[in-house]
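Here's the structure we're looking at; comments come further down.
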Amino acid sequence: MRNNYITLSELPVGTCGIISRLPYDNKLKKQLMNLGLICGTRIEAVCKSPSGNPCAYSFRGTLMAIRKSDTDKIIITDYWE
Amino acid sequence: MSDNSIKKEYTVLLAGNPNVGKSTVFNALTGMKQHTGNWAGKTVSTAEGSYKYGSSQFRLLDLPGTYSLNASSPDELAALNAIENVKYDCIAVVIDATSIERNLNLVLQILQITNKVAVCVNLADEAEKQHINIDYDELSLQLGVPVIKTAARKKQGLKKLTEEISNVASGKTKTYTIIRKYDDKTEKSIKVVSDALLDIPNCEKRRMAIHILERKQDILYDERLKKAVTEARTLIDGDISDILAKARVGQCEEIYKLCVKRESGEYRRRDRKLDKILTSRLFGIPVMLLLFALIFYITIVGANYPSESLSALFSFLGEKITFLADLIGTPLWLKGLLIDGVYTTLSNVISVMLPPMAIFFPLFTILEDLGYLPRVAFNLDSVFCKAGTNGKQGLTMLMGFGCNACGVTGCRIIDGENERKIAVLTNNFSPCNGRFPTLIAIISMFFVGMFPIAVQSAVSAFILVCIVLLSILISLLISFILSKTILKSGGKSFLMELPPYRIPQIGKTIVRSLLDRTVFVLARAVLVAIPAGAIIWILANIHIGSGTIISNITAFLDPFAKIMGLDGAILTGFILGFPANEIVLPTTLMIYLSNGTMTDYGSLSQLHDILISNGWTIKTAVCTLIFTLMHFPCSTTFITIKKETGSIKWAILSLILPTVCGIICCMAANLLFDILI
């Protein structure tokens, strides 16, 4: 386990991380929260689309496609294989 | 409570996340055939149905599938509005047994508004397969409302569900409001707001206060309440609505931990493996192209046989009708109008339109039910992102290849208002099933003759693929232009759930997609074909001056059509083909042969001879191809666009946009030919 802060978009496929900050953009933040994504949620990068963007993330039993422009704004910490 | 005080009619709202089988539950309860898809946001307008249980009648309203009640998308707004404004007796919340934690969020949000709730844990069979053990009694205890286990696709648990809904609605089953404590500061601010609420019963106050603080801060009219909310805000550092939303996620997690046990951590292993292939850099796009090529191939080839039999049947019936009409002495003009006009057009439209749609849409729906379509949107998103829209437009575009009217209706799945309009306006650039026969006929008559017979069909398939790719490119280009000008969009966030793969119920799928899409489009087409058939016959048979009306129109349009590389007859064919693209070529032939009735060609070589003798060259063929690809939508699509956008303005723009593109491209092609040859 490493103790760095990276953006969610930098999380390599197949690894998990813990959300440590949500975007400032209010609408996006609300949307994510209602899906159960808050600080402390465990999230896994599952697979990328053929072009690499968007990427599919799994959290709380759901698989969700999120664009890089959004995952750039989410900070995660404590990521591991 | 005595028996005669029981209400005879109850209203029940059906709420839930997308992809939880809500529509399946709705169908199973009401027996109404409303299409279900493995896709977010299927129910856009509230569907309504009813059923009987005991001696009472239940009116069931199906709300759009949403993740929350925040009113940040049209779906959420519709759901919230219904919950706030409809006088209901019970809300049945359908949740997915395989992802209870996320689904609980919506349940808790609804429980903030009312406790007249019954929770239906659907897809229980899937959960068992994945070794997810759910303690339904504990869940019911935690939520304070009845929880019913169902597998709606297998019709399991539905009886119990109707029973519990009835009990909650009639008050026979008492439901409880479970008070979940927040931290002290939040509790204080909730208290401030609930004290300011006057007109509602005490037991409702706390709930209402939380609801207001989370969602309604900015839309309050009551001065007293406004002041209370402002005061409540000052008690807290940070955004109160964020704190409440965040706390709720924690509550979901707590309830989930108490009620659900997963035996194996490696759930959905099969789905992951499939996704690794179907969305991979190497296979994602090729697999997708192959699948759709296969669907089109099956549609085009498979439709030929029923089309031929249908048209044989119609001409047989036509003879009999003519015979009958002669027998009862129908006047010649009436016979012409009804049989040569209305009947011929109608039978033409049905026999050409029905078979491909009846093949294409069930196949498409099977992919939809499998859960593959969201993956297609996922694969295509980056391309559409560059064009200022999102991957879901790719799907509506593909649907457009089946039928533009259906593609336009499909645009409901797109969230952003502007993105949705762009998808609606550009859908017509996808050549639909009605245009494919024309494209194929022209390609095989004019472009493959120089190749050896053995490879001719391969060459024509290749040209067809190029034309399809060209149409996609144009669609993207126009989307890009629209998103930069009148429908500013793009760069926006895009969240889309990739639901688990599910095995489709093939029999039901075929029946439903036939009923929902095919019959729907056919009905609209028939309604337009009847008057159009009459008009075409009148135009072709009433003489003014030297010729029929139609020949006058043809002569009038001819100079302009010539600039486009076409001729007057072709352009008139397109215009009179407004009811359905299928009749463009037959109408053009009718004009060439001055027949007075729509002509179906016997064989391609016969058709080729007629066209050549009327001055067709390679140039005419190319320009006709271009104009087939880009011209005004058919009347069915036009009506649908007007309905979907809710305004005549956008519908008219959808007429002008492709027509202007088509005219410009035809003129350019014409010019190019003149310069080069």
Review point. What part of B/K246 gets closer than 4.5 Å to chain A, counting heavy atoms only: side chain, backbone, both or neither?
Key: both
Practice item. Look up atom OG in B/S382 and atom NZ in A/K68, then write down how far apart they are to the nearest 0.5 Å. Key: 13.0 Å
Check your understanding: Salt bridge between A/K30 and B/E214, side-chain N to carboxylate O under 4.0 Å?
Key -> no
Practice item. Pick whichever of A/P23, A/G52, A/S51 has the most heavy-atom pairs under 4.5 Å with chain B. Key: A/S51
Point to revise | Most chain B-contacting option - heavy-atom pairs closer than 4.5 Å, from A/L32, A/N53, A/L35, A/L28 | key: A/L35
Review point. What's the spacing between A/T62 OG1 and B/E101 CD if we round to 0.5 Å?
Key: 8.5 Å
Review point. Side chain to side chain donor-acceptor pair (under 3.5 Å) with B/T98: which residues, sequence neighbours excluded?
Key: B/D96, B/R268
Review point. Are any non-hydrogen side-chain atoms of B/D275 and A/L63 less than 4.5 angstrom apart?
Key: yes
Exercise for review: Over all heavy atoms of both residues, which pair between B/G284 and A/P50 is shortest? Give the atoms and the distance, please.
Suggested key: CA-CG, 4.3 Å
Exercise for review: Could you grab the distance from atom CG of B/N379 to atom NZ of A/K48, nearest 0.5 Å is fine?
Suggested key: 14.5 Å
**Study point:** When A/C47, A/C39, A/A65 are compared by non-hydrogen pairs under 4.5 Å with chain B, the top option
**Key:** A/A65
**Study point:** B/F480 atom CZ: more than 12 heavy-atom contacts under 6.0 Å
**Key:** no
Review point. Hey, does A/M64 have a side-chain heavy atom less than 4.5 Å from the side chain of B/M496?
Key: no
Review point. In this structure, which one of B/Q109, B/R102, B/E76 forms a side-chain contact (heavy atoms from CB on, under 4.5 Å) with A/N34?
Key: B/Q109
Check your understanding: Is the closest side-chain heavy-atom distance between B/D381 and A/P54 below 4.5 Å?
Key -> yes
Review point. Are A/R67 and B/N390 close enough that a side-chain donor and a side-chain acceptor fall under 3.5 Å?
Key: no
Point to revise | Choice from B/D242, B/V383, B/N17 maximising heavy atom contacts with chain A below 4.5 Å | key: B/D242
Check your understanding: Side chains of B/E253 and A/T41: closer than 4.5 Å at any heavy-atom pair?
Key -> no
Practice item. Would you name the heavy atoms of B/S99 and A/G61 that are closest together and state the gap between them? Key: CB-O, 3.7 Å
Review point. Side chain, backbone, both or neither: which part of A/I66 has a non-hydrogen atom closer than 4.5 Å to chain B?
Key: both
